[in-house]
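Have a look at the structure below, then the notes.
Values below: every heavy atom of this structure, side chains too, minus hydrogens, waters and symmetry copies. Below, chains carry the letters A, B, ... as their sequence lines are ordered, and counting in each starts from 1.
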Protein chains: 2
Amino acid sequence: MGFDMQFGSPFPALKIREREPRNEGRVATKTRILAATEKLFVIHGFDATSLRAITTEAGVNLAAVNYHFGSKEELFALVLTHRLDSLSLERVRLLDALEAKGFDAEYTVEQLIAAMFLPALQLARNPERGGADFLKFLGRAYADPSPFVRELLADRYAAQDTRFVQAFAKALPELAAQDLSMRLHFMLDAISSTLASEDARKLMAALAATSNDSVEEDAAVLAHLGPFLAGSLRAKVNQPSQQRAIRAVLAFV
Amino acid sequence: MGFDMQFGSPFPALKIREREPRNEGRVATKTRILAATEKLFVIHGFDATSLRAITTEAGVNLAAVNYHFGSKEELFALVLTHRLDSLSLERVRLLDALEAKGFDAEYTVEQLIAAMFLPALQLARNPERGGADFLKFLGRAYADPSPFVRELLADRYAAQDTRFVQAFAKALPELAAQDLSMRLHFMLDAISSTLASEDARKLMAALAATSNDSVEEDAAVLAHLGPFLAGSLRAKVNQPSQQRAIRAVLAFV
DNA sequence: GAACGATTCAAACAATTGTTTGATTTTGCA
DNA sequence: TGCAAAATCAAACAATTGTTTGAATCGTTC
């Protein structure tokens, strides 16, 4: 479940042989492969997940991957875009809605942060679209070192990233472009590697547990995440306190 | 250069055959291998750096690695600890000095941040001990997905990490342990993945260029990094502004 | 039920990996 | 100079990788 047959390839280049699965007794081979791929990708990443491991996990023949998907890369491209496209769409939708309604002048940064992270929290709560492992999946995807994965993400979601960067720039006009760029870099890298780490996700689960309504849970997580991230984005450079602290430490060098 | 023969293995288990290199005409084979390993590790990471690539880069025979170092893992363990041990020592030394002198009550967080990051900036300025590529090396090491690298770092530098966590906890008594833990997680993950990324390091170089004294350069970088990190650590949870921002965004869901 | 395409399967392929072997060369010391 | 240890070398090894092949099987349709 989760996966099903509506896997129309989003890549023109990735057109695969289409056909209605005809056996009813067991889940279609393609679906089993996709599910196994997602499961093993979360654990091991792209490079370390072999086609033999996938086909064994799925209980299908090794050649089935190349037959149904063409290649390992095409298979993983489908798995990645299937999950991440909905995340991206939802993020942009929230950003659109906020821009249409007009930001709350005082809390623009907090609203942008909420628009960035609420969709992931929601997807993690929807078993059909990722479930609890969705955050793990997301972290893996953005932390994966394989050039193939990195280029796929960069190419496919660059436009969305740009829109958020521009929105943050507008909300923080006093911050130099250099500093904003560095801080957003930090923020996004932190999010993704944190999502990939087991204990950090446990922490977030613990925070969520302070409420019992599911919408309230998301709000609880954001109430802890948001100020932390907003605080970092709003901080002013060259504070005297920082200057003094640096001098004190430099004295020991 | 940089590397030389004082490669006494820090691991009892990793004792390698010791011997004074006897050929003078060219750099000793062991040294060439170590240098090539470091160079390729920075570019490709542990898994994707093959022994054949290393020995080709070093201009030595393929079997030389197993002959001189025993295995690929033992070779990389030497390269990693060689660089990271000095960083760790210097960090702890600064922390000791600060604790001995007594922290500046008002700026403890800033001082701790400086103690964490100054050593890396210094090493990056010392050609003998890493040079400009040291930050790249550091980022790679902490972002590397290989279980071998992750366990090596966790086992070897856990004690140092704990000391810093405790110092931060003391400096931020009003912050719940959960939140502090999450924020430090974010902070360290952000630092390492940022160091590994090309454009983020360019940004830091640009910041450093605003001064010409080399000590001043480090201070300049810290003046931009510090407030950003301190701001994130000091932020208070459950701010009304954050709560309102979350409500506004949740309305669109 | 014959025929045909879609699917599955075991097997092999070519390429790459870390490691080992055994002969050969180089080196330092007697 | 002679000799033994150390170092280098080409070659092979065993294991793993993604991919391809060609025959066997399955399902549908005529």
Let's see if you can work this out: which of [options] has an atom nearest to the side-chain heavy atoms of [X]?
X: B:His68; options: D:dT8, C:dA11, C:dT8; value: D:dT8
X: B:Tyr67; options: D:dA6, D:dT20, C:dT19; value: D:dA6
X: A:Arg52; options: C:dT7, C:dA12, C:dT20; value: C:dA12

Can you tell me how far CZ of A:Phe164 sits from CG of A:Leu94, rounded to the nearest 0.5 angstrom?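 Between atom CG of A:Leu94 and atom CZ of A:Phe164 there are 7.5 Å.
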Would you kindly give the [atom1]-to-[atom2] distance between [X] and [N], to the nearest whole Å?
X: A:Phe46; N: D:dG18; atom1: CZ; atom2: C1'; value: 10 Å
X: A:Leu51; N: D:dT19; atom1: CG; atom2: C1'; value: 9 Å
X: A:Lys72; N: D:dG18; atom1: NZ; atom2: C1'; value: 8 Å
X: A:Phe69; N: D:dT19; atom1: CZ; atom2: C1'; value: 16 Å
X: B:Phe148; N: C:dG18; atom1: CZ; atom2: P; value: 13 Å
X: B:Leu75; N: C:dT19; atom1: CG; atom2: C1'; value: 14 Å
X: A:Leu62; N: D:dG18; atom1: CG; atom2: C1'; value: 8 Å
X: A:Asn66; N: C:dA14; atom1: CG; atom2: P; value: 16 Å

Any B:Asn61 side-chain N or O less than 4.0 Å from OP1/OP2 of D:dA7: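 The answer is no; no side-chain N or O of B:Asn61 sits under 4.0 Å from OP1 or OP2.
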For D:dA7 and B:Thr29 - does any side-chain N or O of the residue sit under 4.0 Å from the phosphate oxygens OP1/OP2?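 No, no such contact exists.
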Is there side-chain contact between A:Phe46 and A:Glu73, with heavy atoms separated by less than 4.5 Å?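 Yes. Closest side-chain heavy atoms under 4.5 Å.
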Start with the C-alpha distance between A:Thr49 and A:Ile54, add both sets of side-chain angles, then the distance that settles side-chain contact (heavy atoms from CB on, under 4.5 Å), and finish with yes or no. CA-CA 7 Å; A:Thr49 301; A:Ile54 291 173; 3.6 Å; yes
Assign each of A:Val65 and B:Ala63 to its nearest nucleotide of DNA chain D by heavy atoms, then name whichever residue's nucleotide is nearer the 5' end.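 Nearest-nucleotide comparison on DNA chain D picks B:Ala63.
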Please determine if B:Lys39 forms a cation-pi arrangement with B:Phe137, meaning its NZ or CZ atom is less than 6.0 Å from the six-membered ring centre and no more than 45° off the ring axis.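 Output no; distance or angle outside limits.
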Is the terminal nitrogen or CZ of A:Lys30 (NZ for Lys, CZ for Arg) located under 6.0 angstrom from the six-membered ring centre of A:Tyr67 and within 45° of that ring's axis?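 Here A:Lys30 fails the 6.0 Å and 45° test against A:Tyr67.
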Need one value for B:Thr49: base, sugar-phosphate or nothing, where a base atom within 4.0 Å counts as base even if backbone is also close, heavy atoms only.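 Touches sugar-phosphate only.
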